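By convention here, the first residue in the shown sequence is residue 1. Since we're looking at a predicted model, the values are computed, not measured.
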Amino acid sequence: MTTNKLQDALDSIDFAIDVLRKIARSDPKMAEELENILYHLEEAGELLFNLIEKS
């Protein structure tokens, strides 16, 4: 049960990353600002993935 919720959270992070990348590609001015957010989301996704793997 918990693993499913963690996977849902990871899927949401992945979705957010995809959306923000699309925005960054279409708006170079925002890309610079989004870079930091994307970095942290990717890091959170990796940590969450590792947690799921341990479960």
J.: Which distance, rounded to the nearest 0.5 Å, do you find between the OG1 of Thr3 and the CG of Leu51?
T.: 8.5 Å
J.: Nearest 0.5 Å, what's the CG-CZ distance between Asp14 and Phe49?
T.: 10.0 Å
J.: In Å, rounded to the nearest 0.5 Å, how long is the span from OG1 of Thr2 to CD of Gln7?
T.: 13.0 Å
J.: Please report the interatomic distance CD(Glu42) to CG(Leu20), rounded to the nearest 0.5 Å.
T.: 10.0 Å
J.: Group every Ile, Leu, Val, Met, Phe, Trp and Tyr by side-chain heavy-atom contacts under 4.5 Å, then state whether Leu41 and Leu47 land in the same group.
T.: no
J.: Hey, could you give me the CD/CG distance between Glu33 and Asp27, rounded to the nearest 0.5 Å?
T.: 9.0 Å
J.: Shortest non-hydrogen contact from Leu34 to Ala24?
T.: CD1-N, 3.9 Å
J.: How many angstroms lie between atom CG of Asp18 and atom CG of Leu38, to the nearest 0.5 angstrom?
T.: 10.0 Å
J.: Using links of under 4.5 Å between side-chain heavy atoms of ILVMFWY residues, direct or through other members, which residues join Tyr39 in one cluster?
T.: none
J.: Could you report the tightest heavy-atom contact between Leu6 and Ser55, atom names first, then the distance?
T.: CD1-OG, 4.2 Å
